[in-house]
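Notes follow the structure.
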Amino acid sequence: MRCASVRLRSGLPFILALLSLRAQDRFAAIPQRMQAFVDQGEIAGAVTLVATKDRILHLAAVGQSNLVTHRAQRTDDLFWIASMTKPMTAAAVAMLVDDGKLSFGDPVEKYLPEFHDLWVLDGQTPERRTLVRPSRPISLHDLLTHTSGLGEYVAYGPHWTLAEMIKGLTREPLKFQPGTRWAYSTAGIDTLGRIVEVASGMPFADFIQQRLLDPLGMQDTSFWVASDKKDRLAVSYGRNAQTGHLEEATIYYMYGGAVTDRERPPLGGAGFFSTAADVAKFYQMLLNGGEANGRRVLKPETVAELTRPQTDGLKAGFLPGSAWGLGFCLVTEPQGATAALSAGTFGHGGAYGTQSWADPKRGVIFVMMIQRAGLPNSDGSDMRRVFQETAVAALAP
């Protein structure tokens with residue numbers, strides 16, 4: 001009995017390792033298919049992740065993070081996740097709703113008086129513009145759903161405060177009456193960051209660090225790349241139209257500043273750098289009804305409100321079969337790049353091709369990290385479609 005017992009204990013790690021290997025084999029086609037995009041010169045490298053609400057099922061890297069130094073892509077590399085920041089900013093707003101300090105229906109001017117005296121563009125010719133007053137004030141709901149009428153601002157340098165940037169935004173008229181159309185506005189989500197500052201009495205970066213990033217253990221997510229992590233940052237590349245080769249691309253949202261420059265403002269519309277594993281932690285919290293690491297981050301009903309369709313009757317999103325929640329894009333009719341996902345899937349993409357989606361029906365999270373500038377539609381890329389299709393096929397019984 002003693003010998004048998006020893007053999008059983010010594011064999012257990014082998015059995016667990018074998019089961020883990022078998023599970024990894026299910027997803028072996030994902031890196032193979034992503035490598036094909038690297039070989040074609042479409043991307044320099046990629047990190048892919050598939051997870052449930054409590055564990056990572058697949059995490060792999062292919063290609064290179066830097067084509068000059070030939071540094072291999074690693075699973076813990078940092079990426080500019082661009083607009084994948086927006087749902088996290090929405091979560092920060094939602095926390096203050098749970099705290100009773102904000103309401104989604106509140107007018108923006110309640111917190112930012114400069115929004116009180118807005119105009120709406122009612123017509124334009126080369127000689128003149130016709131302006132009218134808004135039919136109602138812009139609300140937080142409008143900002144979260146991209147139905148405010150706000151456009152984008154032009155920043156002439158990296159060193160503005162959130163307050164200065166938002167005041168500059170109000171100098172231009174709205175593009176349409178609030179709530180009547182859908183038009184994507186990163187500046188509108190940046191505005192929410194400023195509202196968080198006013199309502200909480202804290203700098204936006206401090207609030208989101210203390211209330212979201214720290215509780216979730218998102219240690220690699222920040223508006224600024226720490227100097228000791230800069231070597232882990234994947235370089236952004238775009239394709240040269242003449243040669244067809246990948247060339248380094250700048251991150252335009254830095255407005256000329258360095259990624260390490262902490263004097264840049266914390267922009268909630270597209271400012272975060274992060275890793276695949278950190279992004280997965282955010283979506284795991286949402287699939288767990290707002291809980292993470294034994295701590296309540298958001299109320300379950302607030303998570304449900306964030307991720308339900310909020311743009312009924314309006315054409316919203318960059319792909320057919322989409323709607324918008326509060327800070328989240330929603331898949332309502334899967335097709336094309338979203339064909340492998342279930343209706344009700346929520347998430348967001350980023351300008352340079354990054355993707356993060358949670359499929360509540362399957363209980364699965366899909367994260368793809370690439371840095372590819374100049375895609376015709378980053379949400380509709382072949383890389384996204386192939387990754388999701390391959391991952392879902394691997395999940396099949």
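All residue numbers in this chain count up from 1 along the given sequence.
No side-chain donor from either of Gln284 and Asp54 sits under 3.5 Å from a side-chain acceptor of the other. Residues Gln35 and Asp39 have side chains that bring a donor and an acceptor to within less than 3.5 angstrom of each other. Lys361 and Thr345 share no donor-acceptor pair across their side chains, judged by distance under 3.5 Å alone. With 3.5 Å as the limit, one finds no donor-acceptor pair spanning the side chains of Arg74 and Ser65. Using a 3.5 Å distance cut-off with no hydrogens or angles, the side chains of Thr170 and Glu114 do not pair a donor with an acceptor.
Taking both residues in full, the closest heavy atoms of Leu287 and Pro360 are given as CD2-CA, 4.1 Å, listed atom of the first, atom of the second, then distance. When all heavy atoms of Arg384 and Asp379 are compared, the pair lying nearest together is NH1-O, 2.8 Å. Closest approach of Gly269 and Asp190 over heavy atoms only: N-OD1, 2.7 Å. When all heavy atoms are compared, the tightest approach of Arg211 to Met95 is O-CE, 3.3 Å. What you find for Ser103 and Leu140 is that their closest heavy atoms are O-CD2, 3.7 Å.
Looking at Asp77 and Arg71, a side-chain N of the basic residue comes within less than 4.0 Å of a carboxylate O on the acidic one, giving a salt bridge. Taking the charged nitrogens against the carboxylate oxygens, Asp117 and Arg133 do have a contact shorter than 4.0 Å, which makes a salt bridge. Salt bridge annotation for Lys167-Glu164: absent, with no cationic side-chain nitrogen under 4.0 angstrom from a carboxylate oxygen. Arg232 and Asp220 are joined by a salt bridge, as a carboxylate oxygen and a charged side-chain nitrogen come within less than 4.0 angstrom of each other. Between Arg136 and Asp142 a salt bridge is recorded (basic side-chain N to carboxylate O distance below 4.0 Å).
No cation-pi contact links Arg129 to Trp119, judged by a cut-off of 6.0 Å to the six-membered ring centre and 45° from its axis.
Between His146 and Trp182, the angle of the ring planes goes over 60°, which puts this pair in the perpendicular group of the 30/60° scheme. In this structure, Phe204 and Phe223 have tilted ring planes: the angle between them lies in the 30° to 60° band. The aromatic rings of His348 and Trp324 sit perpendicular, their planes meeting at an angle over 60°, well past the 30° parallel limit.
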>> side-chain contact (heavy atoms from CB on, under 4.5 Å) for Val196 and Tyr111? Distances and angles first, verdict last.
In response: CA-CA 9 Å; Val196 169; Tyr111 308 98; over 6 Å; no
>> The test is side-chain contact (heavy atoms from CB on, under 4.5 Å); show your working for Arg194 and Thr161 and say whether it passes.
In response: CA-CA 9 Å; Arg194 176 58 182 153; Thr161 66; over 6 Å; no
> Yes or no on side chain to side chain donor-acceptor pair (under 3.5 Å) for Tyr253 and Thr186, after CA distance, side-chain angles and deciding distance?
Replying inline: CA-CA 10 Å; Tyr253 200 61; Thr186 293; 5.8 Å; no
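Summarising the local packing, CD of Gln124 is surrounded by more than 12 heavy atoms from other residues, nucleotides or ligands at distances under 6.0 Å. Remark: Lys53 NZ is loosely packed, at most 12 non-hydrogen atoms of other residues, nucleotides or ligands lying under 6.0 Å away. Around the CG atom of Asp231, the shell of radius 6.0 Å holds no more than 12 heavy atoms that belong to other residues, nucleotides or ligands.
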